[in-house]
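Okay, so here's the structure we're looking at.
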Amino acid sequence: LLESKAEEVDFEWPAFDFITHEKLILPLRQLTDILLSIEIVPEAKAWLVHDGLAELIAQSVTYLNEKNPVVFTGGVFHNEILISCLKKRLNNKYRYYFTKNCGDHQISFGQILAYTKEKRGYHA
């Protein structure tokens with residue numbers, strides 16, 4: 001529904017604080033507080049939801065990753081606005097891929113790859 005209602009707006013996102021305890025924690029509360037404080041038309045706010053999530057994802061990729069390729073998968077990446085915002089945010093800093101079949105079954109495939117990487121000590 002948000003994707004169908006979204007109307008692009010220019011907005012400068014702040015740098016978000018990521019809390020680590022051997023894991024990345026996305027600051028969704030900060031994102032939500034910003035979105036709730038902005039007074040704009042609902043269509044622009046719908047676009048900001050997409051762009052804000054893309055900003056969080058892009059910053060987390062930068063935070064966690066130096067030069068490794070990045071693969072995006074899962075049902076959420078059927079959303080063309082999110083993909084467009086994310087590509088803009090990544091700005092060709094990384095090789096990135098969106099799986100052709102982005103259904104939720106791909107999430108388990110990613111978990112298998114992560115487990116295999118950890119167990120084999122793979123460091124690419």
Side-chain angles (χ1 to χ4, degrees):
L1 182 59
L2 283 175
E3 184 179 14
S4 69
K5 301 292 183 188
E7 179 181 295
E8 189 170 347
V9 63
D10 189 27
F11 188 78
E12 186 74 27
W13 290 100
F16 290 96
D17 295 322
F18 296 97
I19 303 166
T20 58
H21 298 285
E22 297 182 17
K23 292 184 181 181
L24 175 74
I25 300 174
L26 294 179
L28 295 174
R29 177 66 180 255
Q30 286 178 266
L31 177 66
T32 303
D33 289 347
I34 292 168
L35 289 169
L36 291 174
S37 70
I38 299 170
E39 303 225 4
I40 54 177
V41 296
E43 294 79 10
K45 199 169 273 199
W47 188 85
L48 283 179
V49 169
H50 293 85
D51 193 51
L53 289 173
E55 178 66 13
L56 287 179
I57 294 166
Q59 285 189 31
S60 65
V61 166
T62 302
Y63 183 83
L64 291 173
N65 190 23
E66 292 181 15
K67 296 181 181 178
N68 293 318
V70 181
V71 177
F72 297 99
T73 187
V76 70
F77 291 109
H78 283 290
N79 185 311
E80 291 296 325
I81 294 173
L82 180 62
I83 291 171
S84 173
C85 291
L86 188 52
K87 285 180 178 179
K88 183 175 91 175
R89 298 273 173 206
L90 291 174
N91 195 24
N92 296 320
K93 293 180 194 172
Y94 304 95
R95 288 182 304 170
Y96 51 83
Y97 307 92
F98 293 90
T99 60
K100 290 183 180 181
N101 185 357
C102 298
D104 288 338
H105 65 280
Q106 292 292 329
I107 294 170
S108 59
F109 178 68
Q111 290 169 337
I112 291 167
L113 289 177
Y115 176 79
T116 302
K117 176 185 171 191
E118 181 181 309
K119 289 299 177 190
R120 292 185 180 171
Y122 177 72
H123 302 288

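The basis for the numbers below is simple: all heavy atoms, side chains too, and nothing from hydrogens, waters or symmetry mates.
Checked by atom type and distance alone, the side chain of E8 never pairs as donor or acceptor with a backbone atom of W47 at under 3.5 Å. Of the possible polar contacts, one joining the K45 side chain to the L35 backbone as a donor-acceptor pair under 3.5 Å is found. Looking only at distances, a side-chain donor or acceptor of T32 sits under 3.5 Å from a matching main-chain atom of L28. K88 contributes no side-chain N or O that, together with a main-chain N or O of A54, makes up a donor-acceptor pair within less than 3.5 Å.
The heavy-atom pair separating E55 from P14 by the smallest distance is OE2-O, 4.4 Å. When all heavy atoms of R89 and A58 are compared, the closest pair comes out as CB-CB, 3.6 Å. Heavy-atom minimum distance, G52 versus L31: CA-CD1, 3.6 Å.
Partners of P42 according to the side-chain contact (heavy atoms from CB on, under 4.5 Å) rule, which considers only residues two or more places apart in sequence or in another chain, do not exist here. Residues satisfying the side-chain contact (heavy atoms from CB on, under 4.5 Å) test with S60, not counting sequence neighbours, are F18, L24, L26.
The CG atom of L86 sits 11.5 Å away from the CG atom of N91 when rounded to the nearest 0.5 Å. For the atom pair CD1 (I40) and CG (L48), the distance works out to 4.5 Å, reported to the nearest 0.5 Å. Rounding to the nearest 0.5 Å places OG of S37 at 6.5 Å from CD1 of I34.
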